[in-house]
Amino acid sequence: MTTDKKLQLVFSTDNGKTLTLYVDEPREPINPTDVKNAMDSVIANNLIISKNGPLTSIKGAYFVTRTVEEITLP
């Protein structure tokens, strides 16, 4: 069994679309203030320009954990 952990960062773009970024194996525990500050910095410094325009606001952030268990077939 393996566990996959990701930090999902969701932004709004200039034309109202959504851009989602994933950070694999984020440092735990997750500090909400650090996440918000990092996301604000990405927006303020125009670090990412998507095909739908620059990022304009934060829609949300999620800590996603997925457990994968292999099925042994006969």
Side-chain angles (χ1 to χ4, degrees):
M1 182 173 359
T2 61
T3 302
D4 180 28
K5 296 180 180 181
K6 295 180 188 245
L7 181 59
Q8 180 180 350
L9 308 174
V10 186
F11 298 90
S12 292
T13 65
D14 192 42
N15 70 356
K17 301 287 184 180
T18 298
L19 175 79
T20 303
L21 300 174
Y22 293 93
V23 177
D24 292 335
E25 300 178 23
R27 183 181 61 209
E28 294 181 67
I30 302 295
N31 181 320
T33 301
D34 289 346
V35 172
K36 182 178 183 319
N37 289 341
M39 293 177 79
D40 285 338
S41 181
V42 168
I43 293 168
N45 293 297
N46 288 319
L47 296 179
I48 297 172
I49 306 290
S50 75
K51 67 179 180 180
N52 293 308
L55 305 181
T56 56
S57 63
I58 295 171
K59 285 187 90 172
Y62 308 90
F63 182 60
V64 179
T65 304
R66 181 178 75 129
T67 302
V68 178
E69 186 173 341
E70 183 178 358
I71 298 171
T72 304
L73 302 174

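Each side-chain hydrogen bond (donor to acceptor under 3.5 Å, both in side chains) pair with one or both residues in residues 36-46, not counting sequence neighbours, appears once here: Lys36-Asp40, Ser41-Asn45.
The heavy-atom pair separating Asn15 from Lys17 by the smallest distance is OD1-CG, 3.1 Å. Among all heavy-atom pairs drawn from Thr56 and Thr13, the shortest one is OG1-O, 3.5 Å. Across Ala61 and Met39, no two heavy atoms sit closer than the pair CB-SD, 4.1 Å.
Under a cut-off of 6.0 angstrom, the local environment of CD in Glu25 is sparse, with at most 12 non-hydrogen atoms contributed by other residues, nucleotides or ligands.
For the atom pair Thr18 OG1 and Phe11 CZ, the distance stands at 11.5 Å (nearest 0.5 Å). Here Leu7 contributes atom CG and Tyr62 contributes atom OH; the two are 11.5 Å apart, rounded to the nearest 0.5 Å. Asp24 CG to Asp4 CG: the interatomic distance, rounded to the nearest 0.5 Å, is 6.5 Å. The distance from atom OG of Ser12 to atom CD1 of Ile43, rounded to the nearest 0.5 Å, is 8.0 Å. The NZ atom of Lys5 sits 9.0 Å away from the CD1 atom of Ile30 when rounded to the nearest 0.5 Å.
Ile48 is listed as a side-chain neighbour of Leu21, based on a closest heavy-atom distance under 4.5 Å. The shortest side-chain heavy-atom distance between Asn52 and Leu19 does not fall under the 4.5 Å cut-off.
Grouped by direct or indirect side-chain proximity (heavy atoms under 4.5 Å, Ile/Leu/Val/Met/Phe/Trp/Tyr only), Ile49 sits alone.
Residues Val64 and Val68 fall into different hydrophobic clusters, defined by Ile, Leu, Val, Met, Phe, Trp and Tyr side chains chained together at heavy-atom separations under 4.5 Å.
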